[in-house]
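In what follows, a single structure is set out as structure tokens and then discussed.
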Amino acid sequence: MTVNVGENAEKIRTEIEEICGKINRDPNEIKIVAVTKYVSIDRAKAAIDAGITHLGENREEGLSEKFAAIENDVTWHFIGSLQTRKVKNIIDKVEYIHSLDRLSLAEEINKRADKTMKCFVQVNVSGEESKQGLTPDEVIGFIEQLQKFEYIQIEGLMTMAPYTSDEAIIRNCFRDLKQLQLNVQALQLSYAPCKELSMGMSNDYKIAIEEGATFIRIGSSLVGNEVRGE
Ligand SMILES: *Cc1c(COP(=O)(O)O)cnc(C)c1O
């Protein structure tokens, strides 16, 4: 089966508009991050040709390889668990880090950055053991400790919903993240405006949009998955 990235992008954009029309959201609030971790440079380029301007990778190696090969002016996102020792290799390439989940990582980002780094605090809303991120209870205290890091800006919160066909579980997960965002905003910290919500992937982005996502991270439904031969 061949993947038509242009058609996929168009389909997703149409869906965004339809959902936003129903719930009275401005579709421009929602940015598509094409997750290219399972595809070639050519597929990533096809996404760019389809008008996608945000690309995301979850490993340092994948990011560095695609960053070197893609000359277009795109905004890079690091979306995977980030080892402290790899920060120096990605820091000048990415504009957003979606996986801030510990102080040692914040410290390293702050040390290596020479400009403000836009970070998302990753939250394990569902409490699954396999998932990265802080527990919801830890988030406020964690963010309060970031004040001393002059180059860290908390743009928002990020989560991954459980992989399930039970929509209610997914929706609750996104709702909880939204509520947590409001709690962070209420602190009125200059370094943590927390305006964004990074949530929603191929199988659940529609629910995420309904619940307030501003960055949806889409891999297989947009660019396919060449590891699986798709
Ligand atoms: C792989 C990945 C995605 C995209 O997954 P798809 O299901 O292929 O859309 C989104 N976010 C993160 C953190 C990922 O690792």
Side-chain angles (χ1 to χ4, degrees), residues 1 3-5 7-13 15-16 19 30-41 43-44 46-47 50 52-66 74-83 86 90 93-102 105 118-134 155-167 169-171 173-174 177 196-230:
M1 202 189 83
V3 172
N4 188 326
V5 178
E7 261 175 31
N8 291 345
E10 213 30 59
K11 181 173 161 264
I12 294 166
R13 286 197 194 98
E15 277 166 351
I16 291 173
I19 296 167
I30 295 144
K31 276 84 65 190
I32 303 169
V33 180
V35 177
T36 53
K37 65 185 181 194
Y38 293 138
V39 299
S40 61
I41 289 162
R43 287 274 179 95
I52 299 289
T53 57
H54 295 270
L55 295 187
E57 281 281 332
N58 71 336
R59 288 174 60 244
E60 183 262 316
E61 294 78 7
L63 178 87
S64 294
E65 188 197 274
K66 291 211 178 63
V74 298
T75 302
W76 285 100
H77 296 248
F78 194 86
I79 61 166
S81 70
L82 179 54
Q83 288 171 280
K86 300 217 163 147
I90 65 142
K93 301 179 179 121
V94 302
E95 201 152 319
Y96 294 87
I97 295 174
H98 290 239
S99 46
L100 180 58
D101 61 355
R102 59 195 190 278
L105 182 58
K118 297 173 181 167
C119 299
F120 288 83
V121 173
Q122 185 167 353
V123 189
N124 183 357
V125 177
S126 63
E128 287 171 291
E129 272 193 34
S130 60
K131 289 222 156 58
Q132 308 278 327
L134 298 171
E155 284 289 293
L157 305 178
M158 179 276 215
T159 200
M160 290 170 83
Y163 189 76
T164 168
S165 56
D166 187 338
E167 279 199 13
I169 292 176
I170 297 170
R171 193 174 295 283
C173 174
F174 294 151
L177 196 71
E196 312 291 346
L197 281 179
S198 168
M199 58 190 197
M201 313 187 355
S202 288
N203 60 320
D204 56 18
Y205 66 88
K206 290 173 216 157
I207 304 172
I209 295 167
E210 287 168 357
E211 299 303 331
T214 62
F215 285 92
I216 51 176
R217 311 176 309 267
I218 307 190
S220 42
S221 297
L222 176 57
V223 290
N225 179 332
E226 289 173 296
V227 176
R228 295 197 306 236
E230 295 160 11

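When a ligand or atom number is given, it counts from 1 through the structure's own listing order.
- Aromatic ring pairs are classed by plane angle as parallel below 30°, tilted from 30° to 60° and perpendicular above 60°; the pair Phe120 and Tyr96 is tilted.
- The two residues Gly212 and Leu197 make their nearest non-hydrogen contact at O-CD1, 3.6 Å.
- Residue contact check: Ser220 has heavy atoms under 4.0 Å from atoms 6 (P), 7 (O), 8 (O), 9 (O) of ligand 1.
- For ligand 1, the polar-atom distance check against Gly219 finds a nitrogen or oxygen pair separated by under 3.5 Å.
- Nearest to atom 6 (P) of ligand 1 among the protein's heavy atoms is Ser202 OG, 3.5 Å.
- The line from OG1 of Thr36 to NZ of Lys66 is 4.0 Å long, rounded to the nearest 0.5 Å.
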For the pair Lys31 and Glu196, evaluate salt bridge (Lys or Arg N to Asp or Glu O under 4.0 Å) and give the outcome as yes or no after the intermediate values. CA-CA 10 Å; Lys31 276 84 65 190; Glu196 312 291 346; 3.7 Å; yes
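- Using a 4.0 Å cut-off to heavy atoms of Ile218, the atoms of ligand 1 that qualify are 9 (O).
- Checking His77, Lys37, Met201 against atom 2 (C) of ligand 1, the nearest heavy atom belongs to Lys37.
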Are Ile170 and Thr164 close enough, and set up right, to give a side-chain contact (heavy atoms from CB on, under 4.5 Å), and what steps lead you there? CA-CA 8 Å; Ile170 297 170; Thr164 168; 3.8 Å; yes
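- On a distance-only criterion, Arg217 and ligand 1 share at least one N/O pair closer than 3.5 Å.
- With values rounded to the nearest 0.5 angstrom, Asp204 atom CG is found 9.0 Å from Ile218 atom CD1.
- Taking atom 13 (C) of ligand 1 as the reference point, the nearest protein heavy-atom neighbour is Ile79 O, 3.4 Å.
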